[in-house]
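Remember, it's 1-based here, ligands and their atoms both numbered in the order they're listed.
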Amino acid sequence: MALIAPSILSADFLQLGKDVDMVNNSAADWFHLDVMDGRFVPNISFGLPVISAIGRQAKKTLDVHLMIVEPEKYVQAFAAAGAHNLTVHIEASTHLHRTIQTIKAEGMKAGVAVNPHTPIHLLNDIIEELDLVCLMSVNPGFGGQQFIPQTLKKIQQLRQLIGESNSNALIEIDGGVTLNNAKTIIEAGADVLVAGNTVFNAADPIATIAALKQL
Ligand code: DX5
Ligand code: ZN
């Protein structure tokens, strides 16, 4: 049974409070919050004030995924906005070890996200510091894209790396998760499934979250 993290990127922003309550009342475990800057990724989403507002109503962990350049500049600000997990991209953080220590010093769980082309072995010397690894199973920037099958092999490689090291990191899969492929993804070794389009464009989002949770 995996943790389920609905991605608010696919919510109805005009009725955000309603969608936050839906997640509160569902079997979901986390809120996944995608921050995009139009520089690291070719899209702009939402930022600190929106996350603070969601945090006032959310009853579950705020899992914040930063798709921004120079994420180290904003660690304190996201802690103040209410983030519980803060994930930065390995491709965007030159001094990743320091950034991870800063995230933990601010009282948050520390995550690293890796793009589809980034090899797992680049995590060898940081894995023991991490609470979470977010494997991108699409190229980041947009919801509703197709799952990249190569990710399954990366999940297995990462599971092996975690097993061989002194790491408790959770494996989170982000992008293109559906009711059809979720079981295979869990069997490959995933701990957390992010789901945007699959949840928020479903006829019955609560039932869809429950179905993902039961796999
Ligand atoms: C993509 C984001 C994802 C996105 C996933 O850049 O990081 O979290 O919301 O959306 P779906 O589940 O629709 O692929
Ligand atoms: Zn994400």
For Leu9, the ligand 1 atoms with a heavy-atom partner under 4.0 Å come out as 9 (O)

Contact region, Asn197 to ligand 1, non-hydrogen atoms below 4.0 Å, reads both

Are Lys213 and Asp29 close enough for a salt bridge, meaning some N to O gap below 4.0 Å?
-> yes

Hey, is ligand 1 close enough to Ser7 that some N/O pair sits below 3.5 Å?
-> yes

Per-atom contacts of ligand 1 with His32, taking only distances under 4.0 Å to non-hydrogen atoms | 8 (O)

Going by the order shown, which atoms of ligand 1 are within less than 4.0 Å of some heavy atom of Met67?
-> 6 (O), 7 (O)

N/O of Asp34 under 3.5 Å from N/O of ligand 1, yes or no?
-> yes

For ligand 1, is there an N or O atom under 3.5 Å from any N or O atom of Gly176?
-> yes

Closest to the Zn ion (ligand 2), among the N/O/S atoms of Asp34, is atom OD1

Side-chain H-bond candidate by donor/acceptor type, Asn85 with Thr61, under 3.5 Å | no

Is the shortest N/O to N/O distance between Gly144 and ligand 1 below 3.5 Å?
-> yes

Does Asp174 reach ligand 1 with a nitrogen or oxygen that is under 3.5 Å from one of the ligand's nitrogen or oxygen atoms?
-> yes

Atom indices of ligand 1 within 4.0 angstrom of Ala195 heavy atoms, with elements | 12 (O)

Give the ring-plane orientation class for His32 versus His65, where under 30° counts as parallel, over 60° as perpendicular and anything between as tilted.
-> tilted

Under 4.0 Å from a heavy atom of Phe142: give me the atoms of ligand 1 that qualify, with their elements.
-> 1 (C), 6 (O)

Can an N, O or S atom be found in Cys134 less than 2.8 Å away from the Zn ion (ligand 2)?
-> no

So, is Gly141 polar-close to ligand 1, with some N/O to N/O distance under 3.5 Å?
-> yes

Side-chain heavy atoms of Thr184 within contact of Leu152, under 4.5 Å = yes

For Val194, the ligand 1 atoms whose distance to one of its heavy atoms is below 4.0 Å | 8 (O)

Side-chain contact, heavy-atom cut-off 4.5 Å: Phe78 with Val35?
-> yes

Heavy-atom check, side chain of Met22 versus side chain of Ile209, under 4.5 Å | yes

Enumerated ligand 1 atoms positioned under 4.0 Å from heavy atoms of His65 = 7 (O)

Could an N or O of ligand 1 be found under 3.5 Å from any N or O of Gly196, whether backbone or side chain?
-> yes

The NE2(His32)-the Zn ion (ligand 2)-ND1(His65) angle, to 10°, is 100°

Residue and atom name of the nearest protein heavy atom (relative to atom 10 (O) of ligand 1), distance in Å to one decimal | Gly143 CA, 3.6 Å

